[in-house]
Amino acid sequence: MKELPKAYEFSTVEEKLYAWWEKEGFFKPSNDPKAPNFDPAKKPYVISIPPPNVTGGLHLGHALFVAMEDLMIRYHRMKGIPTLWVPGTDHAGIATQLMVEKMLEEKGLSREELGREKFEAEIWAWKHKFGSRITQQIRRLGASCDWERERFTLDEGLSTAVREAFVRLYEKGLIYRGPRMINWSPRLKTAVSDLEVEYVEEPGFLYYFKYRLADDPEEFIAVATTRPETILGDTAVAVHPEDERYTKFIGKKVLVPILNREIPVIADDYVDREFGTGSLKITPAHDPNDYDIGKRHHLEFISILDKNAIINENGGPYSGMDRFACRKAIWKDMQAANLVIKEQPYMHMVPRSERGGEIIEPMISTQWFVNMKPLAERGLEAVNNGQIDIIPERFSKIYNNWLENIQDWCISRQLWWGHRIPVWYCSDCKHITVSREDPDQCEKCQSKNIHQDEDVLDTWFSSGLWPFSTLGWPEKTPDFNYFYPTTMMETGYDILFFWVARMIMFGLEFTDQAPFETVYLHGIIRDENGVKMSKTKGNSIDPLEVMDEMGTDALRFTVLVGSTPGNDTNISIKKVEANRNFANKVWNAGRFVIGNLEKCPEKPIQPPEWTLADSWIWARMNELIRDVERLFTNHQYGEAGRQIYDFFWSEFADWYLEIAKIQIAESPDRAFYTVQTLIKVLDISLRLLHPFTPFVTEELWGHLKSACQENSGLFSPKHGWEEALIIAKWPTAQDIEGWEDQKIKNFNIIQEIVRSMRNIRTEKRIPPSKKIPAIIVAGEKLDILTDQAATIIALANLDKTETRIFQHLEDKPGNQTTMVLSGVEIFLPLDDLIDVDAEKDRINRELNEIQNQITRLETLLNSPFAEKAPAAVVQKEKEKLNQFQETSVKLKQQFDNLA
RNA sequence: GGGCGGUUAGCUCAGUUGGUUAGAGCAUCGCGUUGACAUCGCGGAGGCCGUAGGUUCGAGUCCUAUACCGCCCACCA
C-alpha cells in the first residue's frame, strides 16, 4: 500500500470527497418518497436551511450554522434515519436591491431612470451571476444538503406559496390595507417593519419654546421637543387634566410658531407632568404616541414630510427644505420671534434604519398589514404546550413576551425586488381584486381597466413560509406529505422574531401543524475579544481564507466546539490552528494504525488475551460513546466534541498508541490483538468525529477500510465495512459487563506511576535517552505491576535488566530517590545523583501536603458528613483517607532511611 | 422602565442531575527531533470560580442581594 502523507493534506482531500459524496447520492434521504422502495413508516429527520441572502458572501455566521446543521444531519444519517436537509437562498429584498442600485450608480444609472422592468431584469442578471456563489461556499463547508431540492424564495413554486398565503389571509380578513403610522426609511423610500428599526442612544437637544395663546400674546405654554421641525405638523398641545399649572388653558387655542395656525390645548392623562415642561406638543402625523392621541381627540393629521423626508407644502416657508435643515431654520426663526426658551443637551433614543442607518421618520402611510393577534395566539400555545421546544429554554420567555405584545405587521415595501402584492385596483369601480391568478379584469365590474399594486412584500413574509413552501406547499406533494413537519430549526437567536416566530405562526395557520419540533438557537460569532465582527472594524475573519489555510475541518471543529447553545462565541485564528493540529493528530494516529496493520501476521489460533491497556481503552471508548450520545440528545454538541477531542488525543494517542508499540513488539499474537484494538478504537473514533470533521475522517476511514480489506480476515466491523463513512453506522456502546471500572482504575495507577517517574526524571535532569534502574515494592498491586512491567519500563524509560518488582522488601534501599503512589513504593537508585538534603526536602514537602489531606479528611469524616451523606460518597472519602495514611507511613520510613 | 446573559488560570472558554484536591486550548517555563505526528512529545508553574449573605453534612453548580460588562424589549416629549 502507498504510504500516506506525513501531514493531513486537506487541500487535496476536501473537494474530491465532497464531489464523491454528492455524486453517490449520499446527501439524499435514504428513504426518499421518490424512490421505489419508499417506506412511509420511517420517521424522517428534516432541517430546512436558514436561507442565506442570494447575493451575499460567506461569513463566520454561515460557517457556524452550516457546521451545526451538518453535524445534526450527519449524526442522524449515520443512525440510519432518513435525513433531509433542504438548501436554498433568500432573495433578501432590500439588501439585494441596494446592492444592485449601488452597482448601477457606479455606471451612473439610477433605478428610477431605468424603470421597473429593466431594473428587475438587472437584479435577475445579478442573481444569476452571483446567486450560486454562496451555495458554492456552503458546499465548501461540507454541507450535506440535498442540492436537488434547492429552493429560492422567488422560485415559481415559492411564489405560488406566497400568493396562496396572502390570498388566504386576505380572505380570512387577517390582511388589511389602510393609512396607519409606519416607520418610513427616507433613504430606501419604503416602509419598514418595527423590527427593522433599531433605537440608538445619541446626544441631541431638548428644545424648549413658547406656545403663545391665540387670545393673549403675552401668555404662553412652555413646550419641549427633540424635533423642532415637527412643530409644523402640530395640531394640539396636550397637558395633564389634573395639572394645576395648565388647567386654565384647556380648551383654549394656541398659535403654532411661525405658521400661526390655531390649535387647541387638550387634556390627556398620557402626559407626564414630571417630564420637561409637563406639556406636550402633538404631531399626530409624525409620532406614534401623538398618533394615538390624535385619534382619541379627533385631531387633524398634518403630514409635513415627503418620501425623501423633505418638508412638503404644509411646511409653509420651509417647504422644500431637508428635515434637519428645517430643524435649524425654524429654531433660528423662532429665536428671532422670541419664542425660544432654551435648548438643553439631551441623550435620547434615535430610531435608525437597521439597513440604511439613516434616521427613520414615523409617518402616516397607506400600507398592507397583517393582523397578528389571532396568529400569535396559536404560536404561543404551540410553545407553551410543548409542541415546539426552544433550546435553550430561556428563549421561550422572550418568545412569549414578544408574541403577547405583538403589533400588526406592515408587510408592504416600496421596492421592486420581491413578491409583488397580488392585488389589483379597478380604476372604474374602485373594487380591489385579490387573486391567486393574475386577473385580466375587475372581478366586480369586469372592467379591464385594472392595475396591480406597485409594492412588494416584506422578505420575511416569504421566509415565514420556508419550511413548507420548500417542500411543495400548497400542493400536497410527496415531499410535503412525508417530510413535513420538519424536525429541527437551527438558527441564530437574533432572528427569533424576524423569522422563527413567523414561521411558527404561518406554519400553524397554513398547515395546521407546527413547522418543526425543536428550535435550537445559537449565538453570534465575535472576535477573540468579544467584539462583533465587521469589515469596517477590520476584525472580521474570512472563513474562506481560514479554510484555505487550515482546512474546513479545523474551521468547523472550532465553531462547533466553541459554541454553547444560545451563547455568543468568540473565535480567534489561534483556536482554528489548534484544531488544525487536532485534524493532523487524527491523521497521524490513523497513519500509525494503518502502518502497523500491514505488518500484522495471520490471525492467531489462540483466543484473544486482552492486556490491561486493551481493556482500559475499550472501556473508555464505550464510556465515550455513551457520553456523546447523552450530550447529543441534550443538544450539547460542543461539549460532545470536546470530549471526543480529549479522548482521542490524551487517552488514545498519548497512552494507548504508545503502549501499542510495546505490545506489538511483544509477540505476534499480542501484536494481532493490539492492532485489532487499534482498528476498533480508531474506527469508532472516526465515526464519532465524522459529524464534526467530515473530511479528515472520511479520508482516513477510507484508507483504514482498504488497508483492512487488503489484509483479509484481520478486522471488519460486525456489520461489515460500509460504502462510506458518511453513511456508516453510528456507534452504539457495548453493554456494561462489570469489569470496566476496575480496569480503568488499574490503568490509572499505571499512568500515575509513569507520570511520577517522568516527573522525577525531569526534576533530576536525567536526559530522556538515559535508562534508569528502579526497585518497585508493589504490595497488593503486585499482580498488576508485574503484568504491566514492560509498559512501565518502556514509558518511564527504565533500565529493563536493572528493574525489579517485589511484593515486599525487608531491607529497603536507603539514600535513594523514592516515591509512594497508590500504595506502591518506588526506589530509584541514582547513586551519583543523590542529594540527601534535597531528597529530605522533597519528601517533607510531600508529607506536608499529605498531612494536610489527612487532616482535612479526618475532619470531614468526623463531621455530620459521615452521617448524612450517602454511604457510597462517605466510603469514597474513607478510602482516600486510608490511601493517604498508608502513603504517609511509607514516606516517613523512606525519610528515615535517608542518611 | 422591564427582561436576559456573562463574570472560573495571563488570554479565550468548558464544567452533566450540588458530592468535597476545579478542566481544556493558547500563552509561559524546563527538557527532548533518525520511524504516527515539531501542525509533535514529556514534565512544570499558574485559579479565596465577581462580591456579600443564605439553604445544605457538602455550593463554581441552588436561593437572595449587590457590582461591573454585554444584549434584548418598551411610546416618555
Side-chain angles (χ1 to χ4, degrees), chain A residues 4 6-8 199 206-207 223-227 230 238 270-272 274-283 287-292 346 348-349 362 392 394-395 397-398 401-402 405 493-494 496-497 523-524 528-530 550 554 561-562 564 566-572 574-575 577-596 627 630-631 634 636 638-639 642-643 645-646 649-650 653-654 657-658 661 755 758-763 765-769 795 797 849 852-853 856-857 860 863-870 872-874 876-877 880:
Chain A
L4 300 177
K6 267 185 98 156
Y8 168 53
Y199 288 83
L206 197 49
Y207 300 87
V223 172
T225 181
T226 52
R227 296 185 292 157
T230 60
Y270 167 78
V271 180
D272 179 354
E274 309 299 317
F275 189 88
T277 63
S279 62
L280 183 59
K281 67 189 251 337
I282 306 297
T283 322
D287 182 280
N289 299 310
D290 295 4
Y291 178 81
D292 292 339
Y346 183 62
H348 62 147
M349 300 295 269
R394 65 171 187 274
F395 284 99
K397 228 165 124 182
I398 298 172
N401 198 303
W402 190 69
N405 299 298
Y493 65 71
D494 52 327
L496 179 61
F497 306 143
I524 311 267
E528 54 199 311
N529 302 312
M550 320 234 189
V561 159
T564 309
N567 285 4
D568 293 351
T569 307
N570 295 4
I571 291 289
S572 70
K574 290 262 181 206
K575 287 187 187 177
E577 265 172 29
N579 291 319
R580 172 205 55 190
N581 296 354
F582 177 59
N584 192 53
K585 189 77 185 178
V586 171
W587 179 258
N588 275 292
R591 237 164 50 97
F592 172 78
V593 173
I594 291 165
N596 278 291
D627 284 343
R630 192 196 77 233
L631 290 165
N634 296 330
Q636 312 240 3
E639 183 60 19
R642 251 167 259 136
Q643 299 225 3
Y645 178 104
D646 286 343
W649 201 316
S650 5
D654 285 353
L657 248 55
E658 291 309 313
K661 292 174 188 171
R755 262 196 277 261
R758 285 169 171 173
N759 184 358
I760 291 286
R761 295 183 65 108
T762 304
E763 255 181 54
R765 303 188 170 277
I766 300 165
S769 51
L795 296 186
N797 209 6
E849 176 52 26
N852 287 342
Q853 295 299 334
R856 184 181 64 81
L857 286 168
L860 180 66
S863 71
F865 168 79
E867 310 256 309
K868 303 223 176 175
V873 175
V874 177
K876 223 171 103 191
E877 297 309 312
K880 275 191 214 164

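In what follows, chains carry the letters A, B, and so on, assigned in the order in which the sequence lines appear, proteins first and then strands, with residues in each chain numbered from 1. Excluded from the calculations below are hydrogen atoms, water molecules and symmetry mates; all remaining heavy atoms, backbone and side chain alike, are included.
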If the C1' atom of C72(B) is compared with that of U12(B), how far apart are they to the nearest Å? 25 Å
Closest approach of Arg642(A) to Val561(A) (non-hydrogen atoms, all atoms of both residues): NH2-O, 2.7 Å
Nucleotide nearest Val271(A) when distance is taken to its side chain, options A77(B), G19(B), U21(B): A77(B)
What integer distance in Å separates Asn289(A):CG from A74(B):P? 13 Å
If we take the P atom in both G23(B) and G30(B), what is their distance in whole Å? 25 Å
Selection from C76(B), A14(B), G3(B) that lies nearest to any side-chain heavy atom of Tyr270(A): C76(B)
Residues Arg758(A) and Leu795(A): closest non-hydrogen pair is NE-O, 3.2 Å
Quantified in whole Å, what is the P atom distance between nucleotide A67(B) and nucleotide C29(B)? 41 Å
Measure across Lys6(A) and Asn584(A) and return the closest heavy-atom pair with its distance rounded to 0.1 Å. O-OD1, 4.3 Å
Among G15(B), G5(B), U21(B), which nucleotide sits nearest the side chain of Glu849(A)? U21(B)
Over how many whole Å does the gap from Arg755(A) atom CZ to G44(B) atom P extend? 8 Å
At 4.0 Å (heavy atoms only), tell me whether Glu763(A) reaches a base, stays on the sugar-phosphate, or touches nothing. nothing
Is it the case that Lys585(A) places NZ or CZ above or below the six-membered ring of Tyr8(A), under 6.0 angstrom from the centre and within 45 degrees of the axis? no
Min side-chain heavy-atom separation Ile398(A)-Leu496(A) under 4.5 Å: yes
Using the closest heavy atom to pick a nucleotide of RNA chain B for each, name whichever of Arg856(A) or Val561(A) lands nearer the 5' end. Val561(A)
Just checking Arg394(A): base, sugar-phosphate only, or nothing, at a heavy-atom cut-off of under 4.0 Å? sugar-phosphate
Side chains of Gln636(A) and Thr564(A): does their closest heavy-atom pair fall under 4.5 Å? no
Hey, does the side chain of Arg758(A) come within less than 4.0 Å of G43(B)'s phosphate (OP1/OP2), counting only N and O? yes
Grab the CD-P distance between Glu639(A) and U16(B) for me, whole Å please. 8 Å
If you look at every strand shown and take non-hydrogen atoms under 4.0 Å, does Thr225(A) touch a base, only sugar-phosphate, or nothing? sugar-phosphate
Touch class at under 4.0 angstrom, heavy-atom based, for Ile398(A) against every strand present: nothing
The side chain of Ala7(A) lies closest to which of these nucleotides: G6(B), A77(B), U39(B)? U39(B)
Between C71(B) (P) and Tyr199(A) (OH): distance, integer Å: 18 Å
Mind checking the P distance from G10(B) to C49(B)? Whole angstroms is fine. 12 Å
Distance between the P atoms of C73(B) and U17(B), in whole angstroms? 30 Å
Euclidean distance, Asp646(A) CG relative to Asp627(A) CG, rounded to 0.5 Å: 11.5 Å
Any base atoms under 4.0 Å from Thr569(A), or only sugar-phosphate, or nothing? Heavy atoms, all strands. nothing
Please report the closest heavy-atom contact between Ala224(A) and Thr277(A), naming both atoms and the distance. N-OG1, 4.1 Å
If you check the Asn759(A) side chain, which of U21(B), G43(B), U39(B) turns out closest? G43(B)
Do the side chains of Arg227(A) and Asp287(A) get close enough for a salt bridge, i.e. N-O under 4.0 angstrom? yes
RNA chain B nearest-nucleotide lookup for Ser279(A) and Arg642(A): closer to the 5′ end is Arg642(A)
Taking Watson-Crick and G-U wobble contacts under 3.5 angstrom, with | marking pairs to another strand and [ ] crossing pairs, the secondary structure of RNA chain B is written (((((((..((((.....[...)))).(((((.......))))).....(((((..]....))))))))))))....
Hey, what do you get for CG (Leu4(A)) to CZ (Arg591(A)), rounding to the nearest 0.5 Å? 7.0 Å
What's the CG-C1' distance between Leu860(A) and U56(B), to the nearest Å? 14 Å
Does the protein touch nucleotides 22-38 of chain B at the base, only the backbone, or not at all? Give it as B, S and - per nucleotide, heavy atoms under 4.0 Å. ---SS---BSS---BB-
Closest contact, heavy atoms only, Tyr645(A) versus Asn579(A): CE1-OD1, 4.0 Å
Atom of Leu280(A), atom of Val223(A) and distance for their closest heavy-atom approach: C-CG1, 4.4 Å
Do Tyr493(A) side-chain and C72(B) base share a donor-acceptor contact under 3.5 Å? no
Here the distance between atom C1' of C71(B) and atom CH2 of Trp402(A), to the nearest Å, is 18 Å
Atom P, compared across G70(B) and A27(B): separation rounded to whole Å: 29 Å
Which whole number of Å gives the distance between the C1' atom of G6(B) and that of U51(B)? 15 Å
Tell me: CE of Met349(A) to C1' of C76(B), nearest whole Å? 12 Å
With rounding to the closest Å, how many angstrom separate the C1' atoms on G50(B) and U8(B)? 10 Å
Side-chain N or O of Tyr346(A) versus OP1/OP2 of A77(B): is the shortest distance under 4.0 Å? yes
Taking CG from Leu631(A) and P from U16(B), how many angstroms apart are they, rounded to a whole number? 10 Å
